[in-house]
2 protein chains.
Amino acid sequence: MASSPAAPASTAAALTERGRQKADRRAAILAAAATLFAERGYAGVTIEDLGTAVGVSGPAVYRHFPGKAAVLAAILEGASRALLDGAERVLDEASEPERSLRALIAHHVDFALGDADVILVQDRELEQLDAGARHDVRLLQRRYVEHWVDVLSRLRPDRAEAELRVRAHAAFGLLNSTPHSARIPGRRPADGTIRGILEEMAWASLMS
Amino acid sequence: MASSPAAPASTAAALTERGRQKADRRAAILAAAATLFAERGYAGVTIEDLGTAVGVSGPAVYRHFPGKAAVLAAILEGASRALLDGAERVLDEASEPERSLRALIAHHVDFALGDADVILVQDRELEQLDAGARHDVRLLQRRYVEHWVDVLSRLRPDRAEAELRVRAHAAFGLLNSTPHSARIPGRRPADGTIRGILEEMAWASLMS
DNA sequence: CATCTCGGTTAACGCTCGCTAACATCGGGA
DNA sequence: TCCCGATGTTAGCGAGCGTTAACCGAGATG
């Protein structure tokens with residue numbers, strides 16, 4: 001799950017100059033890949049495209065990832081982990097369920113509006129992963145959903161967990177709608193306005 | 001937009017035996033393609049797969065569609081048209097805006113639960129279309145959204161159309177959530193139950 | 001200072017897949 | 001009945017693309 005050959009354990013960060021450059025390149029490839037995958041789909045992007053997007057060309061990408069699928073896997077695992085970590089951080093700070101739900105919603109909106117490309121790829125390209133990576137991502141997603149279900153079941157103990165799970169998924173669809181529709185032309189309201197609308201709608205739908 | 005060489009105009013339906021067989025084949029290919037595209041993505045399905053799925057093999061598909069892209073285009077245009085036609089039919093029957101909105105929601109849920117594969121493909125593979133077909137589909141989608149916005153603006157004349165458009169898109173994301181999450185294992189409630197939950201959530205979110 | 005590692009280059013292989021060609025078969029109108 | 005057009009079949013081309021091979025220069029290391 002970590003790096004390959006006996007990584008310098010804890011002091012991994014302050015390595016040499018080359019070490020940081022490599023990390024930067026890797027991050028740049030991931031960022032460019034998210035944008036390109038969102039625009040053209042995983043299959044519509046070539047390894048050469050990924051290289052060109054970060055200023056190297058072609059097979060240099062293989063110095064950072066073992067293959068094209070690994071790039072997608074890194075994006076999806078990163079997204080799932082970021083979403084999950086954020087949710088757990090947010091839940092540590094608020095114990096009252098109403099506050100917790102509002103915080104969960106706000107955090108999800110932040111992510112959806114901030115990393116729209118990643119959300120799009122996450123929604124669309126999960127199936128392209130090999131069984132192992134797909135399973136890992138699904139596990140992270142499941143844990144994320146369960147946090148939502150936990151909070152919801154404290155707010156509405158009368159409702160079955162199965163219903164709350166359907167409601168959580170529906171809320172994700174609602175909150176992720178902007179990355180999907182943003183590609184359609186037409187003027188949209190400012191991000192701040194959209195954020196308010198989505199938070200209000202998500203709350204109302206979940207508590208209805 | 002219709003058939004090629006001087007089609008027998010109005011009496012097109014009651015043609016010969018061969019005519020009906022051809023129509024059946026075409027419909028079978030479209031249905032199989034929707035399922036396969038939903039499972040593996042447009043790029044993950046070969047023309048050979050499409051043929052095999054309906055009992056013919058490989059290039060026989062070209063007797064019914066000029067190419068792979070045309071199959072996708074037919075699915076997406078069919079879906080957009082069905083959604084739009086249904087909405088217009090529904091709006092003809094109810095003039096009161098509250099009833100209209102409830103009917104629009106119910107109709108959309110019907111479609112999402114009944115043609116989950118098509119909804120999934122519609123959400124994911126629009127970009128794979130060539131510019132012309134994509135434009136056509138976008139036009140149909142736009143008209144569909146505008147029907148929702150019209151009804152919403154009669155219910156909430158205080159709100160800007162831009163906001164209502166964001167709300168409509170968010171509601172679509174909510175209503176289309178089940179086709180997306182259905183692939184995740186785990187027991188789900190029965191369709192009837194899900195329908196009720198989604199309708200309630202959509203209404204609450206739009207009117208909040 | 002010699003050497004080794006590593007991130008980069010270009011060339012090329014091989015597979016997949018959309019699509020076309022050439023040919024067979026058969027239903028249906030004159 | 002006879003022929004034409006439509007719907008299949010199999011063989012094969014050609015392009016695109018993921019990946020590997022072979023080589024190179026420079027920064028870290030002893």
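Here is the naming used below: chain letters follow the sequence lines, and residue numbers restart at 1 for every chain. Everything quoted here is computed from the prediction, not taken from an experiment.
B:Thr46 and B:Asp49 share a donor-acceptor pair across their side chains, judged by distance under 3.5 Å alone.
Checked for salt-bridge contact, A:Arg167 and B:Glu200 meet the test: a charged N lies under 4.0 Å from a carboxylate O. Comment: B:Arg165 engages B:Glu146 in a salt bridge, judged by a side-chain N to carboxylate O separation of less than 4.0 angstrom. Taking 4.0 Å as the cut-off between side-chain N and carboxylate O, B:Arg124 and A:Glu125 do not count as a salt-bridged pair.
Ring planes of B:Phe172 and B:His169: perpendicular class, angle over 60° (limits at 30 and 60°).
Residue contacts shown for B:Val45 are limited to sugar-phosphate atoms, with no base heavy atom under 4.0 Å away.
Residues of residues 57-68 of chain A that place a heavy atom closer than 4.0 Å to DNA chain D, in numerical order, are A:Pro59, A:Tyr62, A:Arg63, A:Gly67, A:Lys68. Shown for residues 22-40 of chain A: no residue has heavy atoms falling under 4.0 angstrom of DNA chain D. Within residues 127-135 of chain A, no residue has a heavy atom under 4.0 Å from DNA chain C.
Note on residues 17-57 of chain B: pairs passing ring pair (Phe, Tyr, Trp, His ring centres under 6.0 Å), not counting sequence neighbours, are B:Phe37-B:Tyr42. Residue pairs meeting the ring pair (Phe, Tyr, Trp, His ring centres under 6.0 Å) criterion with at least one partner in residues 55-85 of chain A, sequence neighbours excluded, are absent.
For the atom pair CG (A:Leu174) and CG (B:Leu206), the distance works out to 8.5 Å, reported to the nearest 0.5 Å. Rounded to the nearest 0.5 Å, atoms CG (B:Leu152) and CG (B:Leu101) are 5.5 Å apart. Here OH of B:Tyr144 is found 15.0 Å from CZ of B:Arg81. Values are rounded to the nearest 0.5 Å.
At whole-Å resolution of the value, CD in B:Glu48 and P in D:dG12 are 15 Å apart. The separation between A:Ile47 atom CD1 and D:dG18 atom P is 6 Å, rounded to whole Å. The distance between atom CG of B:Asp49 and atom P of C:dC19, rounded to the nearest whole Å, is 14 Å. If you take CG of B:Leu50 and C1' of C:dC19, they are 14 Å apart, rounded to a whole angstrom.
For the pairing with A:Glu199, the side chain to side chain contact (heavy atoms under 4.5 Å, CB included) check across A:Ile194, A:Leu175, A:Val109 returns one residue only, A:Val109. Put simply, the residue from A:Leu84, A:Leu83, A:Leu126 that forms a side chain to side chain contact (heavy atoms under 4.5 Å, CB included) with A:Gln141 is A:Leu126.
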Close N/O contacts between protein and nucleotides 27-30 of chain C (under 3.5 Å):
| unit_1 | atom_1 | unit_2 | atom_2 | d |
| --- | --- | --- | --- | --- |
| C:dG27 | O4' | B:Arg18 | NH1 | 3.1 |
| C:dG28 | OP1 | B:Thr16 | OG1 | 2.8 |

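Remark: side-chain polar atoms of A:Thr35 are paired, donor with acceptor, to backbone N or O of A:Ala31 under 3.5 angstrom.
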